[in-house]
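Note that the numbering runs from 1 along the sequence shown for the chain. Quick caveat: nothing in here was measured; it's all calculated off a predicted structure. Counting convention: from 1, in listed order, for ligands and their atoms alike.
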Amino acid sequence: MNKTQIGTKESQLYNMPYEIVIGLEVHLQLNTKSKVFCGCSTDFGSAPNTQTCPVCLGFPGNLPVLNRRALELGAKVAIALNCQIAKKIKFDRKNYFYPDLPKDYQISQFDHPLAHHGKLAIITGETEKNIRIRRVHLEEDTGKLFHQKDSSLIDFNRCGIPLLEIVSEPDMNSPEEAYLYLTALKSILEYLDVSDCNMEEGSLRCDANISLRNKGDKELGTKTEIKNMNSFKGVRLALEYEAKRQADLLKKGQRIIGQRIIQETMLYNTEKGITEPMRSKEEAHDYRYFPEPDLVPFDFEESLLNDIEKNIPELPEPKKNRFIKDYLLSNYDAAIMASDKNTANYFERCAVLYGNPKTITNWIMGDISAYIKDNNVSIKDLNLKPEHLSSMLKMIDSGIITGKIAKTLLMDVIQTGKDPEKLVKEKGLEQISDIGLLEVAIGSVTAENPKSVEDFKKGKDNAIMFLVGKVMQKTKGRANPNKVSEILREKLKGAK
Ligand code: ADP
Ligand code: MG
Ligand code: ZN
């Protein structure tokens, strides 16, 4: 799907007479070494069913033991999301039958979640909007089913990996806001270093709930829940599709009896770009929750909470404000620099090594970010280290290379990882400021472009830019453009 198509859909969305209401449920695998109620490894990608034991396979007579680290990581997230932390930790059994759940119940938290009443700010255009977090709770992951032609396989390695469920209030009013929420959430989670946050590998999963209502209505409309998206972009596209589907139904429903939105779970079909019904939820599931008798409730020690809080690093919002204050960045630039941990580290390292923060943000947001997007790499894995960028920028400032050469040099360093100063020497990329050499190049350019020379003489000042460009071309970007322009003006003025 290309940009214009998204654009069209969006404009249709904003023209409809309904308000879109979205709430998101995010499941996050916490990156503990062992599972949440047993000692099995959580390594990703091991041979199927090699990381299992009687506890996570649900054999009778085995007792779960809570992984302290999982609880700490969960609390870390909850604090970063401005939640109130429960003083009493209690687990419950959520009962249902499914082949990927060997105990026939999932240990989860029901009426006393780990945390509640949080908030997460998203930036929409010029304004900031708070999305309320309803609850954050700890539970265990299920196994994984692989359906084949006429059989199904199951891998229990995932069974018992700690999951944190983060449930928002239905506070988002467009697919765009849902996208921004997920991006902001992921950014915080990455700063906290609690999960791989990899949607493709399933360490971060999102169920999106969406309903429509007439603008101005207080009551929520009937919602559907969409599953099976494997990227944030997918979530947005699925929500755009579903909003339109619901709007069409609502419109029809005013005329045709029987056309209405059914509360059901939908699967997003990535290939077709549509949502398809999975199962009807009209009869709400009865999970027969009851307290987990094998894990007695306990109090969260105040001192433990304090320790966790102390270990929370500077998060995007305060970091952004510090960037504005310390480096005099604009709000926009600071928000981008702080939005992800690796970019922030990269920027700050350059700021220390080189100074002139605005120049650094220009390069990061320009050529570097374009490369990163096109090649789907992370800034922290680039061959172009902050040291390299800084030394390049210093070479521009001291007139050793031109800005134009710097652009090709940048790509060279990204490809080879070589030191930019060495590359400049090796390839002879130094800027040409020698008047004699420049005059030779200028001489041939003016001879080759008599029309532009005439234009300039007739008073068309723009023509000089064209001629400077030609000299740059001739010198493969190495001529000092200011000097070239100076010499050209002198020469042509004299010739008048
Ligand atoms: P369920 O029992 O189906 O899981 P919940 O009430 O627990 O539903 O809410 C789950 C998620 O759905 C929450 O993120 C909540 O904000 C969102 N949600 C609930 N009702 C609606 C609605 N009518 N429209 C959009 N989102 C909703
Ligand atoms: Mg739900
Ligand atoms: Zn186990």
Side-chain angles (χ1 to χ4, degrees), residues 18-27 32-43 46 49-59 62-67 70 81 94 96 102-103 107-111 113 116-120 130-137 139-143 155-162 165-175 177-178 181-182 185 205-214 217-227 235 238-239 242-243 246-247 250 261-266 278-287 289:
Y18 309 108
E19 181 185 42
I20 301 174
V21 175
I22 297 168
L24 299 180
E25 294 163 279
V26 169
H27 284 92
T32 54
K33 287 207 169 61
S34 54
K35 294 185 179 180
V36 61
F37 300 120
C38 64
C40 291
S41 165
T42 56
D43 277 351
S46 309
N49 299 307
T50 53
Q51 292 164 180
T52 56
C53 74
V55 175
C56 56
L57 288 176
F59 286 14
N62 283 284
L63 294 176
V65 177
L66 177 62
N67 180 334
L81 295 176
K94 179 178 179 179
Y96 66 98
K103 293 198 295 283
I107 303 181
S108 180
Q109 295 190 290
F110 181 51
D111 49 354
H116 51 92
H117 286 99
K119 65 176 180 354
L120 174 62
N130 274 323
I131 308 298
R132 291 168 301 158
I133 308 285
R134 181 182 290 177
R135 57 185 280 151
V136 174
H137 73 251
E139 59 187 29
E140 56 180 338
D141 209 346
T142 60
D155 179 7
F156 286 115
N157 284 352
R158 199 178 71 175
C159 208
I161 288 190
E165 179 166 346
I166 304 164
V167 184
S168 86
E169 291 291 346
D171 284 352
M172 286 152 273
N173 297 112
S174 66
E177 285 186 9
Y181 170 88
L182 289 171
L185 179 62
R205 288 164 246 158
C206 173
D207 301 338
N209 300 269
I210 174 167
S211 65
L212 302 185
R213 62 180 166 192
N214 288 318
D217 273 6
K218 283 257 158 352
E219 219 170 291
L220 291 173
T222 304
K223 69 162 172 137
T224 55
E225 179 174 349
I226 320 169
K227 289 179 183 289
V235 173
L239 284 168
E242 184 62 13
Q246 290 190 9
L250 287 177
I261 295 161
I262 303 168
Q263 180 169 338
E264 61 187 342
T265 303
M266 316 286 288
M278 180 171 104
R279 57 170 185 249
S280 167
K281 252 206 173 176
E282 279 210 285
E283 284 173 69
H285 239 108
D286 181 4
Y287 291 118
Y289 278 102

Near V167 (heavy-atom distance under 4.0 Å), the atoms of ligand 1 are 13 (C), 14 (O)
Contacts of R134 meeting salt bridge (charged side-chain N to carboxylate O under 4.0 Å, His left out) (sequence neighbours excluded), chain-then-number -> E169
Under 2.8 Å from the Zn ion (ligand 3), the protein N, O or S atoms found are C38 SG, C40 SG, C53 SG, C56 SG
Ligand 1 and I22, any nitrogen or oxygen pair closer than 3.5 angstrom?
no
Polar contacts were defined as any N/O atom of the residue lying under 3.5 Å from an N/O atom of the ligand; does this apply to K223 and ligand 1? yes
Checking heavy-atom distances from atom 7 (O) of ligand 1 to each of E25, R134, R132, the winner is R134
Sorted by chain and number, sequence neighbours left out, side-chain contact (heavy atoms from CB on, under 4.5 Å) with N173 holds for E19, V21, K129, E177
side-chain contact (heavy atoms from CB on, under 4.5 Å) test vs I22 passes for just one of I131, I226, I210, namely I210
Checking heavy-atom distances from atom 24 (N) of ligand 1 to each of G23, A208, S168, S211, the winner is S211
Across all chains, not counting sequence neighbours, the side-chain contact (heavy atoms from CB on, under 4.5 Å) partners of F110 are D92, Y289
Is a donor on one side and an acceptor on the other found under 3.5 Å between the side chain of K35 and the backbone of Q51? yes
Within 4.0 Å of some non-hydrogen atom of E169, the atoms of ligand 1 are 16 (O)
